[in-house]
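Some notes on the structure that comes next.
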Amino acid sequence: MKQIVPDRLMLEDYMSNEATLRVYHFEIFKTSLLHWHEFYELVLVIAGTATHGLNGKSIPLRRGSLFLLTPADFHEINVTPGESLLFYNVIFSGIRLDEPLINMLFEQDQQHYYDFTEPETKRLEVEFTLMQTEENQQQIGQDRLIQGALERILIELVRAIQVLSVAQISINKPLIQPSIRKAMIYIEHHFRENITLEEVARQAQLVPNYFSTCFRKMTSITFQQYLQDLRIHFAKSLLQASRLLSVTEICYASGFNNLSHFIRVFKQKTGYSPNVFRGHL
DNA sequence: AGCGCTGGCGGATTAGGTGA
DNA sequence: TCACCTAATCCGCCAGCGCT
């Protein structure tokens, strides 16, 4: 199968084969290229200011900004002119997140971003420093200490954004069975890949046919529709965020394997072809 | 020539009904 | 909750057109 993947957007080279987590301490002076990863990314800003372009939206960054990106997110960082941005950056594979942690993190559909106060930032800084120190030395229990620090940071983040979202917890939100919810989280994080009903059903520990029925009952849409909606939403965000990427590149980056099919679905969902949609922005 | 787009075709996959 | 079955839909491939 012929497939054009925009390789400049793939950053999996940052992690060696055996490693499942890496800690970086960066200082950048200019805009980073629009990109995404095959792994999760946790960032704490130490100094400087910038604008974070996340999935086509802009968010200000300053000391204490902490955010978590999933494999489904794409972003770029625009450093404020005349400044630099100093930050900790932890990248890790999904293996690092066990089921309870995944449920805790992704139970609600919201962005994992929060601006912490100075005392909180100092506390978080200690955790990041611990991870970096432990990563650089071969000592007994090293991996557990790193995992502990990672989990503490993630829980701090969840608690912080929970406070923000209390008012947003929808009363009308339909009750979704945990197995289906788990499958939905899986789809949300893997929609850019070739995922099948069988694979997602396995995540929910149900047989494909029964999963298909349950999914439809609980979400009011089919698995395919849900998957397509996520892909089209991602493609729309990319069309808005970057004029440098061609429609063909966006097609493959969004999880479609065929340009004509992508254009057909895009037009069906939005009423416009991808290029016309971009022209209207 | 390359890109964006349309449409047709056929195989693969999925949805949903039924019965156990 | 699952297996079986059938109809519907999806998806990949291809040909072709217009535009730059």
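The sequence lines fix the lettering, A, B, ..., with proteins before strands; numbering per chain opens at 1.
Annotation: salt bridge (charged side-chain N to carboxylate O under 4.0 Å, His left out) contacts of A:Asp98 (sequence neighbours excluded): none. Every residue two or more places apart in sequence or in another chain was checked for a side chain to side chain donor-acceptor pair (under 3.5 Å) with A:Gln142, and none qualifies. Residues passing the side chain to side chain donor-acceptor pair (under 3.5 Å) test with A:Lys267, sequence neighbours excluded: none. With sequence neighbours excluded, the residues that form a side chain to side chain donor-acceptor pair (under 3.5 Å) with A:Thr222 are A:Gln225. A:Phe128 is linked by a ring-ring contact (aromatic ring centres under 6.0 Å, His included) to A:Tyr88, counting only residues two or more places apart in sequence or in another chain. With sequence neighbours excluded, the residues satisfying salt bridge (charged side-chain N to carboxylate O under 4.0 Å, His left out) with A:Glu135 are A:Arg22. Residues satisfying the side chain to side chain donor-acceptor pair (under 3.5 Å) criterion with A:Asn78, sequence neighbours excluded, are A:Thr31. Residues satisfying the ring-ring contact (aromatic ring centres under 6.0 Å, His included) test with A:Phe211, not counting sequence neighbours, are A:Phe215. Applying the salt bridge (charged side-chain N to carboxylate O under 4.0 Å, His left out) test to A:Glu27 and every residue at least two apart in sequence or in another chain returns nothing.
To the nearest angstrom, P of B:dG4 lies 10 Å from CG of A:Leu239.
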*What pattern of brackets, bars and dots sums up DNA chain C from 5' to 3', given Watson-Crick or G-U wobble pairs under 3.5 Å, [ ] for crossing pairs and | for another strand?*
||||||||||||||||||||
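Residue A:Thr213 places none of its side-chain N or O atoms closer than 4.0 Å to OP1 or OP2 of B:dA15. Here A:Thr196 does not reach the OP1 or OP2 of B:dT14: none of its side-chain N or O atoms lies under 4.0 Å away. Between A:Asn257 and C:dG12 there is a side-chain N or O to OP1 or OP2 distance below 4.0 Å.
A salt bridge links A:Arg63 with A:Glu118: the distance from a Lys NZ or Arg NE/NH1/NH2 to an Asp or Glu carboxylate oxygen falls below 4.0 Å.
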Could you run down the sub-3.5 Å N/O contacts of the protein with nucleotides 14-20 of chain C?
residue, atom, partner, partner atom, Å
C:dC14, N4, A:Ser260, OG, 3.4

Could I get a table of every N or O pair under 3.5 Å where one atom is in the protein and the other is in nucleotides 3-10 of chain C?
residue, atom, partner, partner atom, Å
C:dC4, N4, A:Asn209, ND2, 2.5
C:dC5, N4, A:Asn209, ND2, 3.1
C:dC10, O3', A:Gln224, OE1, 3.4

